[in-house]
Number of protein chains: 2
Amino acid sequence: MSRRSFTTRKPALLSEVVELAWVRLMRSQRRIFESIERDLQAEGCPPLAWYDVMLELDRAEDGRLRPMEIERRTLFAQPNLSRMIARLEREGLVRREAFSDDGRGHWVVITEQGRRKRAAMWEIYGAAIEKHLGARLTDGEAEHLADLLAKLV
Amino acid sequence: MSRRSFTTRKPALLSEVVELAWVRLMRSQRRIFESIERDLQAEGCPPLAWYDVMLELDRAEDGRLRPMEIERRTLFAQPNLSRMIARLEREGLVRREAFSDDGRGHWVVITEQGRRKRAAMWEIYGAAIEKHLGARLTDGEAEHLADLLAKLV
DNA sequence: TCAATATAGATGTAATTGCATCTATGTCCC
DNA sequence: GGGACATAGATGCAATTACATCTATATTGA
């Protein structure tokens, strides 16, 4: 592929390597994410976003959190999360319960079925992470990568 | 935050560090991506996806590519790209031209206005990359990060 | 040459997202 | 106590996405 020169005037401060790191961060995340989503879907699993929510609930005391707390932990936008919880509830993976301390809120509680589903998803999910990420890095590289990415969050 | 122990049975092969690298890859990409999108939007710019397409066209010979070639380079799904091109065309940033070699296809050509818009977006975009990524890494770290991410694509 | 199949790209549709707004309850302060 | 403002969460709606399919043109092979 003949790479022509082309004029991209860069903002004074931005270095080539930073731009390259960004492009690769985008590409690798997107590509691996999509691969993993496909792997999950191929096994009849729900999308990864559901996993994130169920994991937070599974870890939480009594398997329950308030929507705003899930939001804080997962960074999903509030209206989207609200509807996602509705979908999870429709599938019987969580249920809502009254929250007496604050009449505006309620608990979201993971069900037994939800816990089982999460565990089942992890089988696929973990294997997919290994396949798409683990297999391409040594443990040392993975650790180093994790350290570098930690600086970004 | 008291981190309780919880039983997550891992698929035999997946190491802790790989999982951590994956979680951070997701989080950092998503958070920075959203920040950059907000920065662009705050300046009245179209979404980043438009930039990707216009950049490919801007770089291409005669500022033109076939949809399937854009698809190959950007990895957008075909129906989504098809509609994105329609939107770009509606905004006067690209136009379609006949492609005589193959009656099924056509050229997508970037307009002068499209080139200007792309350049204008880059001012914001580049600064945003610097702000959200560059400012948090030394050049050495950025280079190292880029190298590690290269192994994933 | 022509039927069978493959490919480029568009389109219908249902699901999902983003954004603004709405409702209901809580908090603050006079 | 009660008005003004803040917060939790839901909902309406327009835009976007994913997925399946459709149309038109190419290619292939008998």
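All values below come from the heavy atoms of this structure, side chains included, with hydrogens, waters and symmetry mates left out.
A:Arg90 places its CZ atom 13 Å from the P atom of D:dA10, with the value rounded to the nearest Å. Whole-Å rounding puts the B:Glu89 CD to C:dG9 P distance at 14 Å. A straight line from CG of A:Leu88 to P of D:dA10 spans 13 Å, rounded to a whole angstrom. Rounded to whole Å, the distance from CZ on A:Phe99 to P on C:dT25 is 15 Å. Across the protein-nucleic acid pair, A:Glu71 atom CD and D:dT7 atom P stand 13 Å apart, rounded to whole Å. Per the geometry, CG belonging to A:Leu48 stands 12 Å off P belonging to C:dT17, to the nearest Å. We find that NE2 of A:His106 is positioned 13 Å from P of C:dT25, with the value rounded to whole Å. The nearest whole Å value for the distance from the CE atom in A:Met68 to the P atom in C:dG26 is 14 Å.
For C:dA10, the base has a donor-acceptor partner in the side chain of B:Gln78 [N/O atoms by modelled type, under 3.5 angstrom].
Within the nucleic acid shown, A:Arg38 has no heavy atom closer than 4.0 Å to any nucleic acid atom. In this structure, A:Arg83 reaches the bases: a heavy-atom distance under 4.0 Å links it to at least one base atom across the strands shown. Within 4.0 Å of B:Gln41, counting heavy atoms only, lie sugar-phosphate atoms of the nucleic acid but no base atom.
When each of A:Arg104 and A:Pro47 is assigned the nucleotide of DNA chain C bearing its nearest heavy atom, the one mapping closer to the 5' terminus is A:Pro47. When each of A:Ser82 and A:Glu34 is assigned the nucleotide of DNA chain D with its nearest heavy atom, A:Ser82 is the one assigned upstream, toward the 5' end. The nearest heavy atom of DNA chain D to B:Trp50 and to B:Ser100 marks one nucleotide each, and the one closer to the 5' end goes with B:Trp50.
Note on B:Arg66: every side-chain N or O is 4.0 Å or more away from OP1 and OP2 of C:dT7. Contact between the side-chain N/O atoms of A:Arg87 and the OP1/OP2 oxygens of C:dT16 is found at a separation under 4.0 Å. Taking 4.0 angstrom as the limit, A:Asn80 places a side-chain polar atom (N or O) nearer than this to OP1 or OP2 of C:dG18.
Taking CD1 of B:Ile124 as the start and CG of B:Leu48 as the end, the distance is 12.0 Å to the nearest 0.5 Å.
Between A:Leu65 and A:Val108, the closest side-chain pair of non-hydrogen atoms is not below 4.5 Å.
A cation-pi contact, defined as under 6.0 Å to the ring centre and within 45° of the axis, is absent between A:Arg83 and A:Phe76. Judged by the 6.0 Å and 45° rule, B:Arg38 forms no cation-pi pair with B:Phe33.
Below 30°, between 30° and 60°, or above 60°: for B:Tyr125 and A:Trp22 the angle between ring planes is above 60°, a perpendicular geometry.
In the set D:dA26, D:dT11, C:dG9, the nucleotide with an atom closest to the side chain of B:Asp102 is D:dA26. Checking C:dG18, C:dA10, D:dG9 against the side-chain heavy atoms of B:Arg96 singles out C:dA10 as nearest.
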